[in-house]
Amino acid sequence: MMFTTSKLSIDITKMCQGLCIRDCAMWEQIMREQGEIREPKWLEKHSERWRSPKPGRSTTAGTAGATAAAFGHGGGLAFPAAPAVAGATSPAGPRERRRGRGRKLRAVTVAGVRPLSPHGRFGAVSVGGAGVMAVETLSPDWEFDRVDDGSQKIHAEVQLKNYGKFLEEYTSQLRRIEDALDDSIGDVWDFNLDPIALKLLPYEQSSLLELIKTENKVLNKVITVYAALCCEIKKLKYEAETKFYNGLLFYGEGATSASMVEGDCQIQMGRFISFLQELSCFVTRCYEVVMNVVHQLAALYISNKIAPKIIETTGVHFQTMYEHLGELLTVLLTLDEIIDNHITLKDHWTMYKRLLKSVHHNPSKFGIQEEKLKPFEKFLLKLEGQLLDGMIFQACIEQQFDSLNGGVSVSKNSTFAEEFAHSIRSIFANVEAKLGEPSEIDQRDKYVGICGLFVLHFQIFRTIDKKFYKSLLDICKKVPAITLTANIIWFPDSFLIQKIPAAAKLLDRKSLQAIKIHRDTFLQQKAQSLTKDVQSYYVFVSSWMMKMESILSKEQRMDKFAEDLTNRCNVFIQGFLYAYSISTIIKTTMNLYMSMQKPMTKTSVKALCRLVELLKAIEHMFYRRSMVVADSVSHITQHLQHQGSSFYFCGQEKGDF
């Protein structure tokens with residue numbers, strides 16, 4: 001039913017007196033949507049009549065009801081739900097309104113309120129066929145009381161969980177679509193079809209000064225110095241493993257003696273001189289770092305009670321520093337072993353020196369000035385004495401560690417000597433427990449470093465612990481030989497006896513001979529057990545590959561995400577342990593056969609080949625699933641970091657840290 005504009009204006013004016021312009025504008029918009037008002041700028045024309053009501057005049061519920069009845073809707077017209085006018089429904093009047101400030105807006109039910117919209121925006125009031133609406137005006141600075149009952153947080157968590165499930169389902173759908181349209185099934189790479197791969201390594205962008213921040217400034221300086229030395233040692237070790245080991249090992253490869261023409265050996269060695277010069281600079285740098293590490297540790301542990309201490313070190317052990325020092329000594333020791341076992345390098349060096357003698361007798365024939373030849377010969381003698389005589393490690397430990405100008409005292413520092421020995425024993429206790437066990441990973445390399453530290457300790461302080469020396473030799477019964485790199489094998493007993501002859505005299509000859517006999521026995525037992533080892537590892541690796549395929553093919557569920565990460569981590573680690581064990585058996589057995597010059601049986605060769613196949617199977621499995629493994633490793637790392645942080649903060653709260 002339509003009404004004229006004049007009659008509608010009179011009724012709306014009666015109803016809207018005492019209301020704010022905002023409410024009236026909202027009512028006008030509703031009327032326009034229902035087609036009751038078509039006149040433009042209706043509110044501006046008629047608002048002057050009721051914007052400021054006369055004193056004593058108020059808009060009551062009856063007025064609103066009469067207005068609704070005049071529209072002919074019988075109470076069915078939809079109005080914005082508004083609170084009642086003070087005093088219209090409550091005898092308390094204005095006082096009740098003041099006490100009610102801060103409550104939510106609500107429609108006061110006079111005779112049954114029935115919302116017309118699902119959100120409760122409009123309300124219709126019915127009293128005997130006429131609409132009744134109660135209205136209250138509120139100040140613009142009106143606010144809600146905030147009561148935190150935790151419901152908002154619970155609601156947010158529920159919504160977040162639902163959103164996570166949605167993303168999980170959506171991701172699964174996209175992955176199924178991708179797998180259906182892709183050439184291969186799943187994220188599987190073919191080892192033979194992917195010869196090139198990118199190796200992405202994360203590097204720390206922050207400096208040590210940014211990472212090391214404590215309340216103790218002196219401790220900051222100490223930790224910064226030690227951390228810088230550890231980083232330097234890591235870089236030197238990486239350079240040795242990637243550059244100098246391979247350069248020495250592969251020298252002379254690819255050419256047989258029969259195919260080489262006279263003079264080729266000298267030419268090859270002449271081109272190799274620059275590499276040896278770089279190696280000489282590298283070894284010199286290693287000597288400087290070893291010297292610096294010893295001085296820094298000695299300065300921290302002072303036996304002189306009168307001299308001031310840098311920091312209190314009672315009960316404080318920087319074991320990591322000694323472990324890194326052992327790694328650097330292992331590098332020098334490995335260089336000695338590589339050069340000592342390289343017959344071709346020594347033969348070519350001898351031929352090159354003979355060529356220089358011929359050049360020295362007749363320099364003009366070769367177009368060389370005699371005054372330039374002498375410095376070059378002196379340089380070659382230096383290289384030979386530093387690198388080729390097997391004295392790289394020995395020259396390092398025989399350095400003058402005591403400062404001649406009255407600086408740091410090392411050899412007479414009893415406190416430092418005790419701390420040095422204590423750290424060696426602590427590292428050895430951790431290594432000995434896992435040597436030869438299925439959970440062994442890098443304990444053999446650490447054992448080499450322990451032997452180097454023990455020899456360095458003896459060289460500096462000239463004291464020896466007979467009991468600990470015997471413990472080091474007893475390891476040879478469990479691990480008779482250690483592969484340093486490639487085909488370079490190292491015998492701990494020979495090293496300790498050679499470097500510390502005074503300690504060898506303390507032991508009887510039967511004990512030393514028993515170690516050598518045990519080495520032969522070990523090789524015989526290993527040759528006999530190779531077939532059984534192959535069968536056992538075949539079952540282990542096959543089972544592991546099935547677990548790997550199963551756990552990586554299964555979709556991750558958000559409700560069991562942490563449990564799934566733990567299972568994946570355990571499977572990955574188990575694969576690494578199997579690979580390390582198989583690799584150790586292959587390298588130790590083959591290198592022992594070569595070192596001891598003993599023939600291998602046909603059965604042993606077949607068994608070793610089967611072990612190589614199993615090792616390559618593990619490699620291919622990780623490669624095929626490298627995309628899923630890479631994704632899982634990042635989540636596993638974050639999960640373990642979160643667990644570590646939780647334990648740390650929990651310990652801080654309890655006062656354990």
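Residues forming a side-chain hydrogen bond (donor to acceptor under 3.5 Å, both in side chains) with H639 (at least two apart in sequence, or on another chain): Q643. Here F393 pairs with F495 under the ring-ring contact (aromatic ring centres under 6.0 Å, His included) rule; sequence neighbours left out. Take F468 and apply the ring-ring contact (aromatic ring centres under 6.0 Å, His included) test, not counting sequence neighbours, and it matches F428, F454. With sequence neighbours excluded, the residues satisfying side-chain contact (heavy atoms from CB on, under 4.5 Å) with E377 are H360, L373. Residues satisfying the ring-ring contact (aromatic ring centres under 6.0 Å, His included) criterion with F275, sequence neighbours excluded, are F244, F272. Contacts of S471 classified as side-chain hydrogen bond (donor to acceptor under 3.5 Å, both in side chains), with partners at least two apart in sequence or in another chain: none. Residues satisfying the side-chain hydrogen bond (donor to acceptor under 3.5 Å, both in side chains) test with N292, not counting sequence neighbours, are Q296. Not counting sequence neighbours, the partners of F622 by the ring-ring contact (aromatic ring centres under 6.0 Å, His included) test are W544, F576. E232 meets the side-chain hydrogen bond (donor to acceptor under 3.5 Å, both in side chains) test with R285; sequence neighbours excluded.
By the 6.0 Å contact criterion, CE on M594 is open, its count of non-hydrogen atoms from other residues, nucleotides or ligands being 12 or less.
Pairing each heavy atom of L383 with each of L276, the nearest pair is CD2-O, 3.8 Å.
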* To do: Tell me, with the steps shown, if I488 and L249 meet side chain to side chain contact (heavy atoms under 4.5 Å, CB included).
  => CA-CA 9 Å; I488 305 302; L249 288 168; 4.0 Å; yes
* To do: Begin from the C-alpha positions of R625 and S632 and carry the test side-chain hydrogen bond (donor to acceptor under 3.5 Å, both in side chains) through to its verdict.
  => CA-CA 11 Å; R625 291 293 185 177; S632 301; over 6 Å; no
* Does the pair S423 and Q319 meet the rule for a side-chain hydrogen bond (donor to acceptor under 3.5 Å, both in side chains), with working shown? -> CA-CA 6 Å; S423 299; Q319 184 172 319; over 6 Å; no
* Asked: Passes side-chain hydrogen bond (donor to acceptor under 3.5 Å, both in side chains), D508 versus S511? Steps please.
  -> CA-CA 6 Å; D508 53 348; S511 301; 2.4 Å; yes
* To do: Give the C-alpha distance, both sets of side-chain angles, the deciding distance and a yes or no for side-chain hydrogen bond (donor to acceptor under 3.5 Å, both in side chains) between S581 and T584.
  => CA-CA 5 Å; S581 300; T584 302; over 6 Å; no
* Asked: Can F461 and F416 be said to form a ring-ring contact (aromatic ring centres under 6.0 Å, His included), step by step?
  -> CA-CA 10 Å; F461 303 104; F416 177 50; 5.8 Å; yes
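The distance from atom OG of S604 to atom CD of Q528, rounded to the nearest 0.5 Å, is 9.0 Å.
In summary, K516 and D520 do not engage in a salt bridge, as defined by a charged side-chain N under 4.0 Å from a carboxylate O. Of the charged side-chain nitrogens involved, none lies within less than 4.0 Å of a carboxylate oxygen, so that E613 and K616 do not count as a salt-bridged pair. Ionic pairing of D493 and R519 is present here: one or more N-O contacts between side-chain nitrogen and carboxylate oxygen are shorter than 4.0 angstrom. Of the charged side-chain nitrogens involved, at least one lies within less than 4.0 Å of a carboxylate oxygen, so that K346 and D340 count as a salt-bridged pair.
Using the six-membered ring where Trp is involved, Y537 and F540 have ring planes that are perpendicular, over 60° apart on the 30 and 60° scheme.
Side-chain atoms of L297 and Y226, non-hydrogen and from C-beta on, do get closer than 4.5 Å to each other. Residues V331 and L236 have side chains not in contact (no heavy-atom distance under 4.5 Å, counting atoms from C-beta outward).
Listed by first and then second residue, the side-chain hydrogen bond (donor to acceptor under 3.5 Å, both in side chains) pairs involving residues 234-252 are K234-E327, K243-E278, Y251-H348 (not counting sequence neighbours). Note on residues 496-506: pairs passing side-chain hydrogen bond (donor to acceptor under 3.5 Å, both in side chains), not counting sequence neighbours, are Q394-K499. Pairs engaging residues 462-480 under the salt bridge (charged side-chain N to carboxylate O under 4.0 Å, His left out) rule: R425-D465 [sequence neighbours left out].
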